[in-house]
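The structure under discussion appears below in the form of structure tokens.
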Amino acid sequence: MTNENKTVEQEAENLENTNSELTDEETKPAVEGEANEQTIETEMEKAEQSATDNSEELLKEIEELKEKLEAADNRYLRLQADFENFKRRTRLDQEASEKYRAQKLATDLLPVLDNFERALQIEADNDQTKSLLQGMEMVYRTLLDALKKEGVEPIEAVGQEFDPNYHHAVMQGNDENYGSNIVTEELQKGYLLKDRVIRPSMVKVNQ
């Protein structure tokens, strides 16, 4: 083979290698492009999944916060109701304390009134006894007036229908002058302090 033929063969081989290299270079960007597109799609899918997971977590947190807020509201409403009830009870207690402030004094004085009434039932047989009884009656009336100013009043009994809220029956009778269940006799006087019974009347009731 001549030198000229060798040269031609080498040039042909070089040309073939060059074409092969060009083909590889042209194919490489296409392959890389497909790989990049797949990577982007994968990343987008991951981002979408992450966003979905985050949304679910946020919704769960929102629901938990709503439940906590509702529970806090309920506690607040209960506390507010308890406080209003406390204020109302306190106000009623204060009003009752003011309204019935004389109850203990009146209750302590009731035996004194009983003693005055028993003493005034004594028949006077001389002027000295009459004078003494008149003085006792004046003291008794003064005491009754003082208690009346504080709202203390005797309970009506004789001739009234028996009422267990105001009367305490200790005896029964059969008096034709009175109807059934009517108080015929008062054995011990009862008293009211305004609208409160501080002592019921001890009475005899007709059958």
Side-chain angles (χ1 to χ4, degrees), residues 68-207:
K68 290 180 180 179
L69 180 60
E70 185 177 355
D73 287 341
N74 291 334
R75 284 196 300 272
Y76 171 75
L77 291 175
R78 285 196 298 271
L79 287 173
Q80 188 178 33
D82 290 341
F83 181 64
E84 291 298 326
N85 290 333
F86 169 76
K87 289 198 301 183
R88 181 177 59 82
R89 288 194 301 270
T90 301
R91 185 182 69 252
L92 292 176
D93 289 344
Q94 289 175 344
E95 291 175 355
S97 177
E98 176 64 23
K99 185 176 182 179
Y100 305 112
R101 66 182 185 277
Q103 180 168 345
K104 186 177 186 308
L105 176 61
T107 303
D108 291 341
L109 288 176
L110 293 185
V112 178
L113 294 178
D114 295 338
N115 290 331
F116 269 109
E117 290 171 359
R118 281 192 288 268
L120 292 173
Q121 291 176 1
I122 298 174
E123 292 185 5
D125 55 1
N126 56 59
D127 293 339
Q128 185 177 0
T129 304
K130 288 180 180 179
S131 177
L132 179 61
L133 289 177
Q134 287 176 353
M136 291 179 63
E137 186 172 2
M138 290 178 61
V139 175
Y140 173 68
R141 295 297 175 189
T142 302
L143 184 57
L144 282 180
D145 290 340
L147 290 173
K148 187 175 181 179
K149 290 179 181 178
E150 293 296 327
V152 179
E153 295 278 357
I155 296 173
E156 294 185 17
V158 177
Q160 302 295 317
E161 184 175 2
F162 175 75
D163 187 340
N165 295 313
Y166 299 98
H167 308 134
H168 175 52
V170 294
M171 294 178 64
Q172 280 190 332
N174 189 8
D175 193 332
E176 295 179 354
N177 296 321
Y178 293 95
S180 177
N181 206 40
I182 299 299
V183 175
T184 61
E185 186 179 351
E186 183 180 62
L187 304 176
Q188 185 182 60
K189 194 182 295 289
Y191 290 91
L192 289 170
L193 174 58
K194 297 180 180 178
D195 56 353
R196 177 182 290 181
V197 176
I198 57 177
R199 189 177 75 179
S201 300
M202 192 179 296
V203 297
K204 179 180 179 180
V205 183
N206 207 34
Q207 291 182 347

Can you check whether [X] reaches [Y] side chain to side chain, under 4.5 Å on heavy atoms?
X: R88; Y: R91; value: yes
X: Q134; Y: M138; value: no
X: L147; Y: E150; value: no
X: Q188; Y: H168; value: no
X: I122; Y: M136; value: no
X: V197; Y: N165; value: no

Could you give the distance from [atom1] ([X]) to [atom2] ([Y]), rounded to the nearest 0.5 Å?
X: R118; Y: L113; atom1: CZ; atom2: CG; value: 10.5 Å
X: L77; Y: D73; atom1: CG; atom2: CG; value: 6.5 Å
X: N206; Y: N181; atom1: CG; atom2: CG; value: 9.0 Å
X: E137; Y: L144; atom1: CD; atom2: CG; value: 10.0 Å

Which heavy atom of [X] sits nearest a heavy atom of [Y], and at what distance?
X: F162; Y: V183; answer: CA-CG2, 4.2 Å
X: H167; Y: Q160; answer: CE1-CB, 4.3 Å
X: L193; Y: A102; answer: CD2-C, 4.2 Å
X: I182; Y: E161; answer: CD1-CA, 3.7 Å
X: V158; Y: T184; answer: CG1-O, 3.9 Å
X: L192; Y: Y166; answer: CD2-CE2, 3.7 Å

Note to self: I'd like to know if D82 pairs up with R78 as an ion pair, taking the criterion as any Lys NZ or Arg NE/NH1/NH2 lying under 4.0 Å from an Asp or Glu carboxylate oxygen.
What the structure shows: no
Next item on the list: Verify the distance criterion only: is there a donor paired with an acceptor across the side chains of N115 and Y140 at less than 3.5 Å?
Entry: no
Notebook entry, point to check: Who pairs with K130 by side chain to side chain contact (heavy atoms under 4.5 Å, CB included), at least two apart in sequence or on another chain?
Noted result: A124, D127
Next item on the list: Can you sort out the partners of R196 under salt bridge (charged side-chain N to carboxylate O under 4.0 Å, His left out), two or more places apart, ordered by chain and number?
Entry: none
